[in-house]
Amino acid sequence: MASEVAAATGGELMGPDVRIDGASIDSRNIRPGQLFVPIVAERDGHDFIRSALDAGAPAYFTSRPEAIGGTAIRVADTALALADLGRAVRRRIPDRVVGVTGSVGKTSTKDLLAGVLQTTYRTAASEKSFNNELGLPLTLAGASDDVEAVVLEMGARGIGHIELLCSIASPTVGVITRVEGAHLELFGDIESVARAKGELVESLPADGIAVLNADHRYVAAMADRTSARVLRYGLSPDVDVYASDIVLDEELRASFRLHTPWGSTEVRLGARGEHQVPNALAAAAAGGGLGVSVEDIAAGMSRAELSGLRMELARSANGVVVLNDAYNANPTSMSAALRSLAALQAGRRVAVLGTMAELGDESAEQHLAIAQEAQALGIEVIAVDEPHYGDTARHLSGVDAAVAALADLAAGDAVLVKGSRVAALERVAQALLGRA
């Protein structure tokens with residue numbers, strides 16, 4: 001009820017006490033029943049309260065002195081009130097709240113883990129990459145009253161960000177995938193990335209579980225930063241959860257033997273790419289630690305659907321294989337995507353690559369290294385608005401030019417489309433597939 005939201009956020013209820021079901025910060029896609037939270041940023045969300053009410057919002061936060069109709073909850077700061085709402089919802093959720101972070105793979109791991117937990121518990125999970133101080137409390141606010149487990153992706157733009165998210169979510173399980181040189185423009189160095197990501201395991205209670213990637217030294221070292229039980233996963237048999245006998249099928253789906261403290265079983269992933277195996281191991285460790293059987297772990301991961309624009313494989317009308325991994329890019333994920341393209345049975349392999357953003361002083365070096373790796377794998381590179389891929393790439397400006405350059409692809413050829421979010425290169429894949 002709106003009165004309960006007001007009490008949880010220290011707000012003043014103005015208008016009728018109405019029922020609230022979830023929350024949204026976007027008046028364009030608000031669902032009936034959701035609380036509208038107007039965020040003050042480049043644009044002032046207060047200007048869209050009327051639109052939210054017309055779309056079915058029964059109530060809204062406001063930091064302005066007057067209400068404009070309907071039910072308002074007046075607060076000092078709408079973003080802070082949203083965080084307080086998240087904290088209030090968290091207090092009624094059982095202690096199966098998982099935080100997932102890492103430089104690479106956190107969204108896919110979140111998706112795989114949600115699939116695992118859904119086999120056993122009523123589960124809520126972050127949508128897409130809703131992983132900041134707005135997206136995380138929105139996920140909590142949207143959880144059903146009878147939810148039994150929640151999976152929350154946690155991103156960071158600097159030191160202290162994950163600590164803030166943990167103060168809202170109070171996770172009992174923390175999963176850390178990898179620490180890589182992504183976002184160095186924001187962090188400065190990889191040690192700072194590790195420090196920020198490790199805030200997750202530092203927040204865990206003594207009876208919690210830290211799930212750590214033993215194959216990455218910065219992550220493995222975080223065992224010393226937590227009082228929680230530690231579960232290690234990786235590709236070698238000297239850890240708690242590992243995989244053996246990994247095989248890729250013709251559509252890049254991995255099968256392997258899963259080994260855990262709770263038993264072993266065969267797994268066939270629905271997600272594509274061999275690089276998804278460590279993400280699946282992280283999900284298996286967290287799920288097993290929360291009581292999911294190995295059989296249900298395998299079933300959940302086989303059915304799990306990844307968020308959009310991640311290793312989506314389709315064929316064009318003329319038989320060209322299109323691998324759309326355009327959601328984001330950094331050197332690690334770019335390398336993994338190139339290896340996936342190389343693993344496809346294809347006559348000609350082309351990678352349409354956009355910029356890898358936020359690499360700081362290492363940007364030129366990292367882009368050139370990716371171009372060199374592609375050349376070693378026999379992959380042609382079309383670079384879109386990114387000169388640092390160097391002389392071995394074909395350089396073009398704009399999506400239309402990239403699509404035109406692919407006009408001579410034939411049946412049996414394969415193309416990868418990948419870049420950071422700012423490049424929006426999914427438009428190339430959409431054009432190739434006739435979905436523009």
Side-chain angles (χ1 to χ4, degrees), residues 26 28-29 42-43 104 107-108 111 127-131 135 155 182-183 251-252 271-273 275 305-342 344 346 348-359 363 366-367 370-371 373-374 379-390 392-436:
D26 191 338
R28 296 168 298 181
N29 58 21
E42 293 181 1
R43 302 179 73 179
V104 181
T107 302
S108 296
D111 293 336
E127 293 183 22
K128 302 177 183 178
S129 293
F130 282 17
N131 61 19
H183 310 303
E251 291 203 346
L252 303 177
R272 294 183 175 87
H275 60 284
E305 295 185 6
L306 298 193
S307 299
L309 306 182
R310 290 168 174 84
M311 299 300 287
E312 296 177 352
L313 191 146
R315 284 174 172 78
S316 70
N318 63 342
V320 175
V321 177
V322 180
L323 186 59
N324 184 0
D325 198 39
Y327 182 78
N328 216 335
N330 56 53
T332 301
S333 66
M334 188 72 85
S335 177
L338 288 174
R339 295 195 303 273
S340 294
L341 176 63
L344 284 171
R348 178 183 169 200
R349 298 180 181 88
V350 181
V352 180
L353 306 182
T355 190
M356 296 183 290
E358 298 178 350
L359 295 181
S363 182
Q366 295 282 11
H367 282 88
I370 288 297
E373 181 175 2
I379 296 170
E380 305 169 42
V381 172
I382 294 176
V384 180
D385 299 318
E386 178 46 76
H388 289 144
Y389 284 114
T392 61
R394 181 180 178 184
H395 291 271
L396 298 173
S397 178
V399 167
D400 291 343
V403 173
L406 299 170
D408 59 346
L409 289 176
D413 293 339
V415 58
L416 165 71
V417 181
K418 188 167 180 64
S420 283
R421 189 83 300 269
V422 293
L425 286 188
E426 66 273 12
R427 295 172 293 166
V428 174
Q430 291 164 354
L432 292 173
L433 296 171
R435 300 173 183 168

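- Nearest heavy atoms, Ser420 versus Ala357: OG-N, 2.9 Å.
- Although no hydrogens or angles enter the test, the distance criterion places no donor-acceptor pair under 3.5 Å between the side chain of Arg339 and the main chain of Met334.
- Here the CG-CG distance, from Asn330 to Leu359, works out to 7.5 Å after rounding to the nearest 0.5 Å.
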- Check step by step if side-chain contact (heavy atoms from CB on, under 4.5 Å) holds for Arg349 and Leu323. CA-CA 11 Å; Arg349 298 180 181 88; Leu323 186 59; over 6 Å; no
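- No donor-acceptor pair under 3.5 Å is formed between the side chain of Asn324 and the backbone N or O of Glu312.
- Proximity of a side-chain donor or acceptor of His367 to a complementary backbone N or O of Met356 within less than 3.5 Å is detected.
- Closest approach of Arg427 to Ala424, counting heavy atoms only: NE-O, 2.9 Å.
- Side-chain contact check for Arg421 versus Leu309: some heavy-atom pair is nearer than 4.5 Å.
- Looking at every heavy atom in both residues, Ala405 comes nearest to Ile382 through CB-CD1, 4.0 Å.
- Within the model, atoms CG of Leu425 and CG of Asp325 stand 11.5 Å from one another, a figure rounded to the nearest 0.5 Å.
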- May I have the step-by-step check of side-chain contact (heavy atoms from CB on, under 4.5 Å) for Val381 and Thr392, ending in yes or no? CA-CA 8 Å; Val381 172; Thr392 61; over 6 Å; no
- Check the pair Leu353 / Ile370 against side-chain contact (heavy atoms from CB on, under 4.5 Å), numbers first and verdict last. CA-CA 10 Å; Leu353 306 182; Ile370 288 297; 4.0 Å; yes
- So Arg272 and Ser340, side-chain contact (heavy atoms from CB on, under 4.5 Å) or not? Walk me through it. CA-CA 8 Å; Arg272 294 183 175 87; Ser340 294; over 6 Å; no
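- With sequence neighbours excluded, the residues forming a side chain to side chain contact (heavy atoms under 4.5 Å, CB included) with Asn29 are Ser24, Asp26, listed by chain and number.
- Atom OG of Ser333 sits about 12.0 Å away from atom OH of Tyr327, to the nearest 0.5 Å.
- Here Gln366 contributes atom CD and Ser335 contributes atom OG; the two are 10.5 Å apart, rounded to the nearest 0.5 Å.
- Put simply, CG on Leu396 and CG on Leu406 are 9.0 Å apart, with the number rounded to the nearest 0.5 Å.
- Checked options Asp413, Val415, Val352; the residue passing with Val322 is Val415 (criterion: side-chain contact (heavy atoms from CB on, under 4.5 Å)).
- Rounding to the nearest 0.5 angstrom, the gap separating the OG atom in Ser108 from the CE atom in Met311 is 9.5 Å.
- Screening residues 381-390 for side-chain hydrogen bond (donor to acceptor under 3.5 Å, both in side chains), with sequence neighbours left out, gives Thr355-Glu386, Asp385-Ser397, Glu386-His388.
- Shown here for Ser307 and Asp111, the closest heavy-atom pair between the two residues is N-OD2, 2.7 Å.
- A salt bridge links Glu251 with Arg315; the closest basic N to acidic carboxylate O contact falls under 4.0 Å.
- Under a 3.5 Å cut-off, the side chain of Lys418 and the backbone N or O of Gly354 do not form any donor-acceptor pair.
- Here Glu380 pairs with Arg348 in a salt bridge; the nearest charged N to carboxylate O distance falls below 4.0 Å.
- With respect to the salt-bridge test (charged N to carboxylate O, under 4.0 angstrom), the residues Glu305 and Arg310 do not qualify.
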